[in-house]
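Just so it is clear, the model here is predicted, and its values are computed rather than measured.
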Amino acid sequence: MTVHRPLPDATAPRPPCLLVVDDQPVNVQALYQAFAADHQVLMATSGEQALALCASRQPDLVLLDVEMPGLDGHQVCQRLKADAATRDIPVIFVTAHDDEAAETLGLELGAVDFISKPINPRIVRARVRTHLTLKAQSDLLRQWVYLDGLTGVHNRRHFDERLANEWARALRQGSDLSVLLLDVDYFKAYNDRHGHQAGDECLRLVAACLGRSIKRPGDLLARYGGEEFACLLPDTPLPGALTFARQLTAEVAALGVPHGGSAVTGVVTVSVGACTKRYDGAGTAAALLREADAQLYLAKSRGRNRVCGAELPIG
């Protein structure tokens, strides 16, 4: 007999993800049993393993033992808080120490709470629930801070922070990094002809179109300012960036938004400037942006509704 099981609900919220870190299996099992019913529980038995899991899986909260061989809990917490990718993950120390000096040190390193061993399941669940709620609220606030109010895509502040992080990563790993700067063609003429409310709606339509084209999790679209947008494309050489840029120009034109003030065509279009830091190149993030802007100017001077691009000099 065939048993038909219901498919999982893709719209249902995922359970919170916890990382339990302890070198003693009995302690790991105690915390696993306290949370496994309604949480996703990851487990690590060393500080090095914990850092790797935090970087790859981004848990919502870490329950961290203090006394461990190799990297101890204090060192793990310190490294988590020093890394922009993991610093917002709340850390609760689970420890047999209950003296004031140990607690003060943990809080100074960035922990949000302490739980004493042996654990009381009801107390640990209540404290974790509180800190997961606070993290969800903080995540929502950070999201609002980094979103453009008109278009709903990321804003310039978020783009600048991500560019700095991706530039540093590209230098460490010796990888390519590309930036696109996009400008809506003759947008002042659009506003003059159709009105500012229509101009706002035009920017929302363009942003939504560009956003639908972003497929890779690491890529970023942001409103750079006014009628200008920016795309950050990690691990992307110049040919790939140019191909993607041409795809964007085609898709915006295909929207068919009427533009009676355009000297290019009768619909809204964009011009794009691209610049790539090669895997073997150096330079600065500011130089990458300047060259992308120079390429955008070149695209506009050559008639708009087109793409121009270049690599940063290797030397």
Side-chain angles (χ1 to χ4, degrees), residues 15-143 145-146 157-158 161-162 164-165 168-169 172:
C17 179
L18 307 181
L19 172 60
V20 175
V21 188
D22 199 305
D23 64 314
Q24 297 298 319
V26 65
N27 295 328
V28 173
Q29 283 301 316
L31 287 166
Y32 178 83
Q33 291 172 7
F35 291 102
D38 48 10
H39 295 72
Q40 180 187 4
V41 183
L42 308 176
M43 293 170 282
T45 56
S46 70
E48 293 83 357
Q49 189 180 13
L51 291 173
L53 280 170
C54 283
S56 63
R57 301 292 295 275
Q58 291 289 306
D60 295 303
L61 184 143
V62 177
L63 291 158
L64 179 61
D65 183 30
V66 174
E67 300 293 338
M68 294 186 297
L71 286 178
D72 65 22
H74 290 147
Q75 292 170 306
V76 171
C77 184
Q78 194 170 28
R79 292 198 187 185
L80 290 175
K81 297 307 171 183
D83 188 336
T86 57
R87 65 187 173 200
D88 295 321
I89 301 174
V91 173
I92 296 178
F93 279 124
V94 184
T95 176
H97 297 288
D98 58 0
D99 60 282
E100 182 179 335
E103 187 167 341
T104 300
L105 174 59
L107 293 172
E108 288 175 347
L109 291 174
V112 296
D113 205 348
F114 279 80
I115 295 172
S116 298
K117 296 179 181 178
I119 68 163
N120 180 316
R122 286 183 296 177
I123 291 176
V124 70
R125 283 177 64 87
R127 290 191 176 180
V128 166
R129 183 168 57 249
T130 295
H131 289 293
L132 286 174
T133 299
L134 291 172
K135 181 180 185 294
Q137 294 170 344
S138 297
D139 288 346
L140 185 59
L141 288 173
R142 275 192 295 272
Q143 184 181 27
V145 166
Y146 287 130
R157 176 180 179 177
H158 186 56
E161 291 185 10
R162 274 288 306 279
N165 290 337
R169 187 176 73 86
R172 286 196 310 271

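For the atom pair Q49 CD and M68 CE, the distance stands at 10.0 Å (nearest 0.5 Å). For the atom pair CG (D139) and CG (L134), the distance works out to 11.0 Å, reported to the nearest 0.5 Å. With rounding to the nearest 0.5 angstrom, the CD atom of E103 is 8.0 Å from the CG atom of D113. The distance from the CD atom of Q58 to the CD1 atom of I89 is 4.5 Å, given to the nearest 0.5 Å. Distance check, rounded to the nearest 0.5 Å: NE2 of H131 to CD1 of I92 gives 4.5 Å. Atom-to-atom distance recorded for R125:CZ and L31:CG is 11.5 Å, nearest 0.5 angstrom.
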side-chain contact (heavy atoms from CB on, under 4.5 Å) for I115 and L63? Distances and angles first, verdict last. CA-CA 9 Å; I115 295 172; L63 291 158; 4.2 Å; yes

Check step by step if side-chain contact (heavy atoms from CB on, under 4.5 Å) holds for N27 and D65. CA-CA 9 Å; N27 295 328; D65 183 30; 5.6 Å; no

Test side-chain contact (heavy atoms from CB on, under 4.5 Å) on L51 and L71; report intermediate values, then the result. CA-CA 10 Å; L51 291 173; L71 286 178; 3.7 Å; yes

Could you walk me through whether V62 and C54 pass side-chain contact (heavy atoms from CB on, under 4.5 Å), step by step? CA-CA 9 Å; V62 177; C54 283; 3.8 Å; yes

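Between A50 and L19 the shortest heavy-atom distance is O-CD2, 3.8 Å. Here the shortest heavy-atom pairing between Q40 and P15 reads N-CB, 4.2 Å. Between P16 and L132, the shortest heavy-atom contact is CB-CD1, 3.7 Å. Here the closest non-hydrogen pair linking C77 and G110 is SG-C, 4.2 Å.
Judged purely by atom type and a 3.5 angstrom limit, Q29 has no side-chain atom pairing as donor or acceptor with the backbone of P25.
The closest side-chain heavy-atom distance from R157 to E161 is below 4.5 Å. Put simply, the side chain of K135 does not reach to within 4.5 Å of the side chain of L61, judged on heavy atoms. When side chains are defined from C-beta on, V94 counts as touching I119, because their heavy atoms get closer than 4.5 Å. Annotation: side chain of K81 is not in contact with side chain of L109 (no heavy-atom distance under 4.5 Å). For the pair L53/P59, no side-chain contact is recorded, criterion being any heavy-atom separation below 4.5 Å from C-beta on. Counting heavy atoms from C-beta outward, D72 and V66 have side chains that stay 4.5 Å or more apart. L18 places a side-chain heavy atom less than 4.5 Å from the side chain of V128. At least one side-chain heavy atom of D60 sits under 4.5 Å from a side-chain heavy atom of C17.
Within a 6.0 Å sphere centred on CZ of R79, other residues, nucleotides and ligands contribute 12 heavy atoms or fewer. When the shell of 6.0 Å around OH of Y146 is examined, it contains more than 12 heavy atoms from other residues, nucleotides or ligands.
In this pair, F93 and F114 present their aromatic rings tilted. The plane angle is within the 30 to 60° band.
Salt-bridge annotation for D38 and R129: absent, with no side-chain N of the basic residue lying under 4.0 Å from a carboxylate O of the acidic one.
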